[in-house]
Structures are given as C-alpha cells and as structure tokens.
Amino acid sequence: MTGRSGHIVCFGEVLLRLATPGHRLMTQAESLDLVVGGAEANVAAGLAALGHHAVLLTRLPASPLGDKARAALGAAGVDTRHVGRGTGRMGLYFLESGAGLRPATITYDRVGSVFAQSAPGDFDFARALDGAALLHLSGITPALGPGGVALAQAAVAAADAAGVPICFDGNYRAMLWDAWDSDPRAILTDLMQSASIMIGNHRDIALLLAQPFSGDGAERRREAAQAAFSAFPRLTLIASTARHIAGPDHHRIAARVDARDGAHQTAEVDVTGIVDRIGTGDAFAAGVLHQWLQGGNVAAMAQAGLAYTALKHSQPGDMCTIGRAELEAFSASGGDVRR
Ligand SMILES: Nc1ncnc2c1ncn2[C@@H]1O[C@H](COP(=O)(O)OP(=O)(O)OP(=O)(O)O)[C@@H](O)[C@H]1O
Ligand SMILES: O=C(O)C(=O)C[C@H](O)[C@H](O)CO
C-alpha cells in the first residue's frame, strides 16, 4: 500500500455551537455550553488527531470569539496558518439538545459572518494548496448564498489549477438552501464535476442527477454509485454511511465505499449510549480519508470510516479528536476501563 504525501486543506466556515446543557429545552436554559465546530474544521481536527497535517483555510472575526475558535483549532492540532481574520461577526448555531424521543434542533445564526461575507480574493488558495494531497470542502459553503457559491467555485478552480484532488462532502443542509432562492442541483452538480472523492449517499446522488434510486440497501447504493460514476468522469470513490435508528440512543451504522471497479460494505455496528451525534459524518469522512492518505483499499477506508464515526458518538462536541491508537484498537463491542 502506497501512501500519499502532502497536507490536506479543509476549506469552510468555523462556527461556535451554543447548546442547552443537560438536555434542557431552550426555554428552560439559563446558560449555554460553548464548543467550536464547522463541518470542514471537524474533518481537519479528525485528520490531525489521526496524525495527518491538516490545514484549515477559513476566515474568522478579529474578535475574542474568533480568538476562541482559532485557539480550539490549534488545540486540536489543526494548522491555522491560513486562518485569515476580518471585521464582522462570528457564525453561530444554537442547539437545543434532544433526549429520548425528542430530537435535537438546530437554529443557525450565521448570516453575514466574516466567512460568508468573504470574497474569493480574501483567500490565498494557491499558497494553501501548494504541495497539498487533497482539498476537502462540502455542500455547506455553497449553501450559504451566492457569495458562498463563489467561494466554493474559487476553491475548486484553485485546486484544479494546482492539480490537487478534491473531496466533496454533500452535507446537505436544507435550512441553509431553503433560506434563499437557491438551485442546489445546478450548483452542486457543477462543483462535483471536479471531485475525485464524494462523501455522500444515494440521496445526495438522487439530488445531483434528478433521479430517484428506489431499490433497497446495498443494491440501491451500488446503483446510485454507478450513476454518479457515469455522470462525473473524475470521480473515483464514493463513501457513505447507512444509519438505522433502532432507538433514541441506539443507532446501527454500516459504512460503504464504492470505487469504479468494486465496493466494500461493512457489517453494521450497534452504537449505543450516544453522547453527541453532531459531527459524526465528518468523523466518518476523516476516517475514510485517513486510509485514503495511506493508500488503503475500499475495505480499509470503509472500516476506518465506520470505526471513527462510531467512536465520535462517544465524544461531546462537534470535533472528533480521538487518536490513531484508539481507532486501531476499535472494537464494535466497546470495552471496560483501560488501566
Ligand atoms: N434532502 C436531502 N437531499 C439530498 N441529500 C440529503 C438530504 N438530506 C440528507 N442528505 C444527505 O444524506 C447523507 C446523510 O445525511 P445525514 O444528515 O445523516 O448526515 P451524516 O453524514 O450522517 O452526518 P453529519 O450530520 O455529520 O453530516 C449526507 O451526505 C447528506 O448530504
Ligand atoms: O451545520 C453546519 O454548518 C456546521 O458546520 C456545524 C456542525 O459542526 C456540522 O453540521 C457537523 O457536520
């Protein structure tokens, strides 16, 4: 197995999460717990925890909130040298924590953030991408509005110009797309033309291709993957999870990676006692990319993605900072205290 050299550039907005403590409703909360997140930052943190050189390309406000975000990224081992600063506000989201049969709810408060207000010229894409193994971005940036579309297009164009492969995570956020007069299909299809790796499932592909996939399970995923490989000539890998919600704190998750010439779908693992569901998709992406960077095959990528997403469910916060030793020691049956 031959590894890939170079750092990974993750491009996207960093948010502060303000969450009700102790499963309270927002109406009951008298304080809010603060953590730093953002889908692409979460992937960078996961990759850094797994021993890779992960660079975050973003812009934060020149304010104590921006300082807080940058400090958290640095503490997670993310390379913040390409984190720009600007005048304006920090993107936030509020989380009303769920419990039992009451789902968690998210309220975004990010319109007009420094990142969302940025122009492509505010980023030195070429410098950040110089020598990179991969650019990772997601469907969240173009969902921010026309300015976000321009940012995502500029990032993709710069990676193309530098010959850097692109990983695109669908990360469909209906609340963001529905907040403006958007055409997610056209925008995402255009961005996907340049992607080598897609993190997304049959729903993402159905949206892109305006084509439903009605089969079941693995058959439906293979059919969707084949349609995506036909539509996007540069695509080499599609990675997805299949999540069955067995109970309020009990999910069954399998992972799948499709290549043009084969696929691997893992067995399901039971994830119980879920502490935090947010960021588990980003942890999956980090696990898959961890193996991709090492030249692992579809089975190794699917297993690492599954293990890392399963482990993330046990860690509070948006980021997964669980290390490589724990990933390698992952056991679907969990374990007692290690002493
Ligand atoms: N309405 C939709 N249209 C198209 N794709 C969707 C839609 N809703 C969800 N998806 C896609 O389905 C996949 C799984 O969605 P889900 O919300 O379970 O995210 P996840 O990847 O498990 O976790 P995370 O919330 O951390 O991203 C994602 O790739 C997402 O983009
Ligand atoms: O929802 C978003 O835009 C975020 O970036 C916040 C979370 O960190 C992200 O959704 C987790 O995937």
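Numbering starts at 1 and runs along the sequence shown. When a ligand or atom number is given, it counts from 1 through the structure's own listing order.
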Between [X] and [Y] (salt bridge meaning N to carboxylate O under 4.0 Å), is one present in this structure?
X      : Y      : result
Arg185 : Asp183 : no
Arg17  : Asp276 : yes
Arg85  : Asp67  : yes
Lys312 : Asp318 : no

Interatomic distance, CZ@Arg81 vs CZ@Arg127, rounded to 0.5 Å, equals 9.0 Å
Is there a polar contact, in the sense of an N or O pair closer than 3.5 Å, between Gly200 and ligand 1? no
Counting both backbone and side chain atoms, is some N or O of Arg277 under 3.5 Å from an N or O of ligand 1? yes
Between Tyr108 and Phe94, does the ring centre distance come in under 6.0 Å? no
Are His251 and His244 near enough that their ring centres are under 6.0 Å apart? no
Proximal ligand 1 atoms for [X], defined as those under 4.0 Å from one of its heavy atoms:
X      : result
Arg173 : 25 (O), 27 (O)
Gly170 : 31 (O)
Asn201 : 11 (C), 12 (O), 13 (C), 14 (C)

Please produce the table of protein N or O atoms sitting under 3.5 Å from N or O atoms belonging to ligand 2, one pair a line, distance to 0.1 Å.
unit_1, atom_1, unit_2, atom_2, d
ligand 2, 1 (O), Tyr108, OH, 2.5
ligand 2, 1 (O), Arg173, NE, 3.4
ligand 2, 3 (O), Arg110, NH1, 2.7
ligand 2, 5 (O), Ala39, N, 2.9
ligand 2, 8 (O), Gly38, N, 3.0
ligand 2, 8 (O), Asn42, ND2, 3.0
ligand 2, 8 (O), Asp318, OD2, 2.7
ligand 2, 10 (O), Arg173, NH2, 3.0
ligand 2, 12 (O), Arg173, NH2, 3.0
ligand 2, 12 (O), Asp282, OD2, 2.7

What protein heavy atom lies closest to [atom]? Include the residue and the distance to one decimal.
atom                    : value
atom 26 (O) of ligand 1 : Gly281 N, 2.9 Å
atom 9 (C) of ligand 1  : Arg203 NH1, 3.6 Å
atom 27 (O) of ligand 1 : Asn171 OD1, 3.0 Å
atom 6 (C) of ligand 1  : Tyr172 CB, 3.6 Å

Could you tell me whether the side chain of Phe168 reaches within less than 4.5 Å of the side chain of Asp204, counting heavy atoms only? no
Is any side-chain heavy atom of Arg59 closer than 4.5 Å to a side-chain heavy atom of Phe123? yes
Quick one: list whatever passes side-chain hydrogen bond (donor to acceptor under 3.5 Å, both in side chains) with His7, sequence neighbours left out. none
May I ask whether Ile187 and Ile205 are part of the same hydrophobic cluster, defined by side-chain heavy atoms of I, L, V, M, F, W, Y residues being less than 4.5 angstrom apart, directly or through others? yes
Within 4.0 Å of atom 15 (O) of ligand 1 (strictly less), any protein heavy atom? no
Heavy-atom proximity to atom 30 (C) of ligand 1, best of Thr280, Val43, Ile245, Asp204: Asp204
